[in-house]
Amino acid sequence: MKITLKDGSVKEYAASVTILDIAKDISEGLARVACAGLVDGEVRDLRTTIDHDCELAILTLNDEEGLRTMRHSASHILAEAVKRLRPHAKLAIGPAIDTGFYYDFDCEPFSREDLDELEKIMKEIIKEGREFTYFELPRQEAIALMEEKDEPYKVELIKDLPEDAVISFYKQGDDFTDLCAGPHLMNVKNLKAFKLISSSGAYWRGNEKNKMLARIYGTAFAKKEELDAYLAHLEDIKKRDHNRLGREMELFTTVDVIGQGLPLIMPKGEKIIRKMQRWIEDEEERRGYMRTKTPLMAKSDLYKISGHWDHYMDGMFVFGDEQTDKEVYALRPMTCPFQYFVYKASQKSYRDLPCRYGETSTLFRKEESGEMHGLTRVRQFTISEGHLIVRPDQMEEEFKACLDLARYCLQTLGVEEDVTYHLSKWDPANTEKYIGTPDVWERTEGSIRKVLNELGIKFTEDVGEAAFYGPKVDINAKNVYGKEDTMITIQWDELNAELFDMYYIDENGNKVRPFIIHRTSMGCYERTLAWLIEKYAGMFPTWLCPEQVRVLPISEKYDEYAGKILQKLQENGIDATADLRSEKIGFKIRESRLARVPYMLVVGQKEEEEGTVSVRSRFLGDEGAKDPDVFIEEITKEIRTKQIRKIEVQE
């Protein structure tokens with residue numbers, strides 16, 4: 001039996017041998033730090049017996065899957081600790097995740113004090129030096145074991161497994177046994193740098209119809225230094241979380257009696273969105289887009305033509321019942337079919353194409369309650385939506401132009417390096433989800449692939465993520481918690497023109513079906529605002545700030561001069577205010593910093609006599625005295641060019 005190792009060397013054995021034995025054969029040091037093995041590309045427990053030729057890599061905590069093995073083991077130590085603290089708790093599931101691990105329990109919620117106590121118990125378990133012991137049972141014996149231990153969730157999981165499935169367990173010492181496929185460490189002694197992060201509620205199996213369980217999140221690392229760095233990162237996340245920071249800055253709020261997923265955008269937040277909206281609308285018009293304004297709802301007849309009634313109705317807000325009502329309406333989840341009828345309102349020739357329609361569209365999606373989060377996933381939102389009706393020979397260049405617009409928007413907002421590009425394809429194994437034939441899907445996906453390659457854009461291909469009528473490019477970004485959301489979408493559509501009987505007259509007088517591009521330039525404004533809050537920790541580029549300058553008189557004696565400066569700023573289109581409160585200047589400066597105002601203009605006797613302002617910024621700190629006209633020229637240029645200045649002074 002030949003075992004090919006990671007470095008290409010080969011070990012030969014006359015009889016079957018475990019992965020741990022192979023690690024020991026390589027070196028005792030490697031065996032001490034080994035966590036799992038990678039056998040022909042599959043992660044396996046160190047206890048796994050090898051009885052055939054294969055490729056093997058010994059995984060340690062320096063490997064991602066080795067670290068996941070340790071974190072999975074940590075989740076089981078947590079489960080044992082919970083059973084010691086609360087013997088009545090029922091075990092659900094406890095996997096490793098990208099940032100650590102979690103475990104769900106059927107018991108009362110956990111407080112921060114409970115988590116601290118559980119950490120102490122986990123340390124006691126680790127100090128005891130528990131060994132993880134693997135064993136298997138036949139199906140009925142496995143069910144009987146979990147019934148004897150009164151673990152109903154484990155019984156349910158076993159019953160859901162195939163009849164011939166291997167039912168595996170791990171014991172920790174003599175006291176604790178858990179259903180698990182593994183892999184796990186050999187023992188708990190290597191688990192030293194861990195932390196229980198938080199607790200929350202979670203529905204059993206993610207279904208809101210099931211019971212709410214108590215979930216504990218934790219993390220673990222190879223070294224204490226790595227854990228400390230991660231905990232510092234979590235503190236930074238808390239500071240950037242748009243749900244907290246957006247409310248603190250009075251950008252948005254939510255109210256229970258209004259409804260989940262229906263945020264109230266407050267004046268400061270509205271000003272940021274309005275600036276983005278005006279910028280994007282002007283940019284689109286500069287690029288040849290024509291603005292439309294279409295209804296927020298339509299009869300079901302429209303959505304039946306588009307296919308949304310059959311493929312997307314569960315995600316729509318519907319008014320009425322087709323069995324009893326003459327007409328049934330639905331709030332629009334998209335704008336495309338409305339703009340198709342704008343196109344169809346007059347006959348078009350090949351010379352009229354491309355027709356580029358743009359609209360700042362308010363849309364409605366019936367999101368599940370468990371999916372909604374702050375501004376990133378809501379039930380009503382506004383989007384920079386557009387549809388291009390083009391001749392087939394124009395399709396690739398127009399698609400490239402849409403990508404160019406999207407990349408320009410990302411670059412202007414300073415987030416271009418934070419995104420990933422995805423070719424979202426259909427799933428040929430689930431063709432009932434889509435319209436069109438396989439050859440259309442293969443051709444359109446190939447066309448997008450060609451465009452992306454020609455533009456030198458790195459991308460991944462995601463099966464099953466296409467719209468039901470065509471493939472698309474999704475431009476995604478992660479929030480501070482690592483969850484990925486789609487920010488911009490550009491879709492290739494060769495099917496809807498026929499559904500809506502759209503055509504143009506070609507140079508020979510024949511009717512020809514156009515192609516359609518569905519696209520957003522900057523996507524959903526609410527989601528983008530959330531993204532920018534987290535990206536900049538609320539310290540937006542000056543052009544986006546709802547308050548760009550705050551004038552701070554040292555005392556009431558200089559209020560009149562401050563008022564003159566304020567008027568001059570506002571006359572030049574600068575969003576400025578003046579703090580005329582009877583407070584000390586130090587207090588006013590601190591308040592301005594907390595409000596994340598990029599520029600403060602301090603004025604007192606010297607400034608009034610010399611006709612200057614004392615400039616303080618979050619970029620350079622104290623910038624000294626400046627002529628007001630010079631300052632206005634500098635900041636208006638910064639705003640006009642949408643400059644993103646590096647923040648060199650800690651707020």
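Bear in mind that the values here come from a model prediction, so they are computed numbers and not experimental data. For reference, positions follow the sequence shown, starting with 1.
- A salt bridge links K400 with E397: at least one charged nitrogen is closer than 4.0 Å to a carboxylate oxygen.
- Remark: E327 CD to D301 CG distance equals 7.5 Å, nearest 0.5 Å.
- Contact of the R365 side chain with the F381 side chain is registered, since non-hydrogen atoms from C-beta on lie closer than 4.5 Å.
- Between the CD1 atom of I632 and the CD1 atom of I639 there is a distance of 10.5 Å, given to the nearest 0.5 Å.
- The local environment of NZ in K366 is sparse, with at most 12 non-hydrogen atoms from other residues, nucleotides or ligands closer than 6.0 Å.
- Under the 4.0 Å criterion applied to side-chain N and carboxylate O atoms, E634 and K626 are assigned as salt-bridge partners.
- Counting heavy atoms from C-beta outward, Y421 and R407 have side chains that approach closer than 4.5 Å.
- A salt bridge does not link R356 to E284: none of the charged nitrogens lies less than 4.0 Å from a carboxylate oxygen.
- With a 4.5 Å cut-off on side-chain heavy atoms, S361 and M334 do not count as touching.
- Atom CG of D98 sits about 13.5 Å away from atom NZ of K483, to the nearest 0.5 Å.
- Around CD of E368, the count of heavy atoms belonging to other residues, nucleotides or ligands within 6.0 Å does not exceed 12.
- Under the 4.0 Å criterion applied to side-chain N and carboxylate O atoms, K637 and E633 are not assigned as salt-bridge partners.
- Look at E283 and R287 and you find a salt bridge, because one of the NZ, NE, NH1 or NH2 atoms lies within 4.0 Å of a carboxylate O, short of that distance.
- Applying side-chain contact (heavy atoms from CB on, under 4.5 Å) to R519 and the options I488, V473, L405 leaves one that passes, L405.
- A salt bridge is absent between K557 and E608; no separation between the charged side-chain nitrogens and carboxylate oxygens falls under 4.0 Å.
- Between Y303 and H308, the ring planes lie perpendicular to each other; the angle is over 60°, past the 30° to 60° tilted range.
- In this structure, K239 places its NZ atom where only 12 or fewer heavy-atom neighbours from other residues, nucleotides or ligands lie under 6.0 Å away.
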Checklist entry - Does the pair S447 and E396 meet the rule for a side-chain hydrogen bond (donor to acceptor under 3.5 Å, both in side chains), with working shown? => result CA-CA 8 Å; S447 296; E396 285 192 10; 4.8 Å; no
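- The CG atom of L452 lies 13.5 Å from the NZ atom of K458; values are rounded to the nearest 0.5 Å.
- Judged by distance alone, the side chains of S424 and D474 do bring a donor and an acceptor atom under 3.5 Å apart.
- A salt bridge links E235 to K238: at least one charged side-chain nitrogen sits closer than 4.0 Å to a carboxylate oxygen.
- Within a 6.0 Å sphere centred on CZ of R244, other residues, nucleotides and ligands contribute more than 12 heavy atoms.
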Checklist entry - Please walk me through it: do R332 and L363 pass side-chain contact (heavy atoms from CB on, under 4.5 Å)? => result CA-CA 6 Å; R332 65 180 184 184; L363 305 179; 3.7 Å; yes
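- Residues E359 and F338 are not in side-chain contact: their nearest non-hydrogen atoms beyond the backbone lie 4.5 Å or more apart.
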Checklist entry - Checking side-chain hydrogen bond (donor to acceptor under 3.5 Å, both in side chains) for the pair N453/R449: CA distance, chi angles, key distance, verdict? => result CA-CA 6 Å; N453 286 328; R449 189 180 295 111; over 6 Å; no
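- Between Y434 and W426, the ring-plane angle classifies as perpendicular under the 30° and 60° cut-offs.
- Paired with N476 under the rule side chain to side chain donor-acceptor pair (under 3.5 Å), one option of D485, T420, T486, T489 passes, and it is T486.
- Other residues, nucleotides and ligands place more than 12 heavy atoms under 6.0 Å from the CD atom of E610.
- The number of heavy atoms from other shown groups lying within 6.0 Å of CD (E248) is above 12.
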Next on the checklist: Applying side-chain hydrogen bond (donor to acceptor under 3.5 Å, both in side chains) to T444 and E494, what does each step give before you reach the verdict?
Outcome noted: CA-CA 8 Å; T444 53; E494 297 184 12; 5.6 Å; no
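- Considering OH of Y312 and CZ of F468, their distance stands at 10.0 Å, rounded to 0.5 Å.
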Checklist entry - So E281 and T360, side-chain hydrogen bond (donor to acceptor under 3.5 Å, both in side chains) or not? Walk me through it. => result CA-CA 8 Å; E281 288 178 350; T360 302; 2.4 Å; yes
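- Using a 4.5 Å heavy-atom threshold, the side chains of L296 and F364 count as touching.
- Taking the six-membered ring for Trp and thresholds of 30 and 60 degrees, F619 and Y599 have ring planes inclined between 30 and 60 degrees apart.
- The distance from atom CD1 of I383 to atom OG of S521, rounded to the nearest 0.5 Å, is 9.0 Å.
- The aromatic rings of Y340 and H387 sit perpendicular, their planes meeting at an angle over 60°, well past the 30° parallel limit.
- Environment of NZ in K304: crowded, with over 12 heavy atoms of neighbouring residues, nucleotides or ligands closer than 6.0 Å.
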